[in-house]
Amino acid sequence: MTKRHADFLSGEGIVMESMPQELLDAAQGFIAMDPPRHTKVRRLLSSAFTPKQISRINDQIRANAKRVVDDIAGKGEVDFVSEVSALLPMHNIFDMMGVPEQVRRRAAYEAQFAGGWNDPELMGDQEVLPRLFEAMGYLREVAGDLIEKRRANPGSDLLTSLVQAEVDGERLSDDDIISFFGLLTVAGNDTTRQSTSHAMKALTDFPDQRVWLMEDFESRIKGAVEEMVRWATPIMTFRRTAARDCELNGQQITEGDKVVMFYASANWDTDVFTEPEKFDLARHPNPHVSFGGGGIHHCLGNQLARQQLAALWRELLHRLPDIEVCGEPSYTVSTFFHGVNHLPVKFTPAS
Amino acid sequence: MKIVVDENKCSSLGMCESVAPEHFEVGDNGELQISQPTPPDGDRALVEEAVAACPTAALRIEE
């Protein structure tokens with residue numbers, strides 16, 4: 001379905017729930033656009049995410065992984081989510097975007113509301129729409145401030161590219177740039193963190209897999225990362241809206257219908273995967289759809305995600321080899337993110 | 001076999017390159033460079049995997 005972008009539109013919103021248009025416009029960027037605009041806009045950022053470009057920032061990715069492990073190494077027991085999973089992608093995407101350190105944590109926190117509106121821990125007794133607008137307001141403030149700074153003093157980061165970019169001979173409006181900022185903040189933070197957390201739990205529950213991986217880490221980690229991403233399925237659902245009456249696999253769809261893809265179900269399809277309930281780091285082929293089912297919206301950050309995961313597990317499993325989950329995870333209540341809120345882990349402290 | 005790219009469909013994502021970097025490279029300008037448009041037959045499986053990996057079906061093999 002994701003390959004039929006003319007029949008199944010993204011422009012009406014890409015989550016199951018209906019949202020006010022203002023929110024849709026404010027923070028979705030090109031994820032909720034259709035061609036021709038989608039093509040032109042995504043192209044503005046695609047050169048920052050190519051395999052070549054991601055390999056250029058590999059030193060930075062490795063340094064961030066090292067930093068995250070440095071900070072927990074002496075502690076012996078931590079909440080893996082807040083001290084590892086959440087921090088790794090936060091530093092990487094914000095490095096790329098040029099977001100200063102002092103706003104990173106709050107921006108990453110506010111980004112969670114983009115998919116966390118059903119989660120009791122995140123929401124407390126706040127109402128959904130007001131809290132979403134508040135989160136949007138904060139990200140807008142951060143983005144607006146950075147846009148001004150980069151106009152005055154261009155850097156070599158993504159925000160500078162957006163500020164200087166032109167589509168059809170015109171510069172992007174501030175609103176456009178702010179919506180891309182929102183998209184990158186959410187997409188860069190709230191996905192890779194889930195893969196990291198779910199993989200930590202799986203490596204604990206399937207100890208033979210960890211042993212296998214460590215026997216020949218460098219040649220096995222690439223395939224292992226694919227299985228971690230299949231296992232985690234960080235985004236469980238996306239939605240499209242039918243542009244016209246049409247047929248999908250023999251099913252009649254009516255114009256205006258919402259059609260929802262269930263990625264976790266696809267990643268457990270027994271017609272496609274042998275024993276999908278097994279966490280099998282040697283799984284090959286591994287045609288998971290966690291980065292998408294194909295089409296023009298295929299995850300732009302897939303290389304970044306893969307490189308981050310490889311870097312983190314290299315650092316973590318070599319330096320804290322006995323790290324394991326030591327308590328019950330608490331999962332995010334969501335129709336969108338397959339999230340983990342807390343994951344207690346323990347390990348022998350190291351330096 | 002000949003590798004053909006439809007430049008209108010290519011979105012410079014680089015899935016092809018991540019499967020077969022010896023054959024495909026997305027340049028900094030977003031353009032795909034195919035190092036051997038008619039690769040040796042021994043590379044068929046790898047090239048087919050790379051072609052299948054393209055999410056926008058921008059690549060095809062012509063015999």
Side-chain angles (χ1 to χ4, degrees), chain A residues 1-6 30-31 33-58 156 161 165 221-223 225-226 229 238 284-307 309-310, chain B:
Chain A
M1 186 171 71
T2 53
K3 294 177 181 173
R4 291 167 56 181
H5 54 263
F30 52 84
I31 200 172
M33 284 180 194
D34 299 297
R37 184 159 169 77
H38 170 267
T39 318
K40 296 175 194 175
V41 163
R42 179 164 157 150
R43 188 175 285 153
L44 297 174
L45 292 176
S46 54
S47 61
F49 289 92
T50 60
K52 194 153 129 171
Q53 182 53 27
I54 297 300
S55 71
R56 282 194 189 116
I57 62 168
N58 211 16
S156 54
S161 318
I221 186 63
K222 192 172 172 193
V225 162
E226 294 312 299
V229 174
F238 266 119
H284 185 80
N286 195 343
H288 69 78
V289 292
S290 299
F291 291 121
I296 59 174
H297 289 279
H298 202 82
C299 179
L300 184 62
N302 74 85
Q303 285 303 311
L304 177 61
R306 288 167 160 132
Q307 291 304 315
L309 289 167
Chain B
M1 72 180 138
K2 185 168 176 236
I3 309 173
V4 180
V5 57
D6 179 342
E7 269 158 33
N8 287 324
K9 289 185 177 174
C10 176
S11 68
S12 315
L13 187 60
M15 302 302 291
C16 53
E17 183 176 341
S18 64
V19 169
E22 328 75 43
H23 288 281
F24 301 93
E25 189 179 306
V26 178
D28 289 334
N29 58 359
E31 254 185 62
L32 176 63
Q33 275 129 37
I34 300 174
S35 60
Q36 300 170 84
T38 49
D41 228 60
D43 289 354
R44 177 175 291 273
L46 187 65
V47 169
E48 282 178 356
E49 197 187 328
V51 167
C54 177
T56 54
L59 290 169
R60 70 180 189 279
I61 292 175
E62 274 174 13
E63 299 297 345

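A quick note: this is a predicted structure, and the numbers were derived from the prediction, not measured. Each chain gets a letter, A, B and so on, in the order the sequences are listed, and its residues count up from 1.
- Among all heavy-atom pairs drawn from A:P51 and B:G14, the shortest one is CG-O, 3.4 Å.
- Here B:E17 does not pair with A:K52 in a salt bridge; the nearest charged N to carboxylate O distance is not below 4.0 Å.
- B:S12 OG to A:L45 CG: the interatomic distance, rounded to the nearest 0.5 Å, is 12.0 Å.
- Options A:G295, A:G294, A:S47 differ in how many heavy-atom pairs under 4.5 Å they form with chain B, and the most are formed by A:G295.
- Here the options are B:V26, B:L32, B:L13, the test is side-chain contact (heavy atoms from CB on, under 4.5 Å), and the partner is A:T50; only B:V26 passes.
- With chain A as partner, the option from B:S18, B:C54, B:G30 having the largest number of non-hydrogen pairs under 4.5 angstrom is B:S18.
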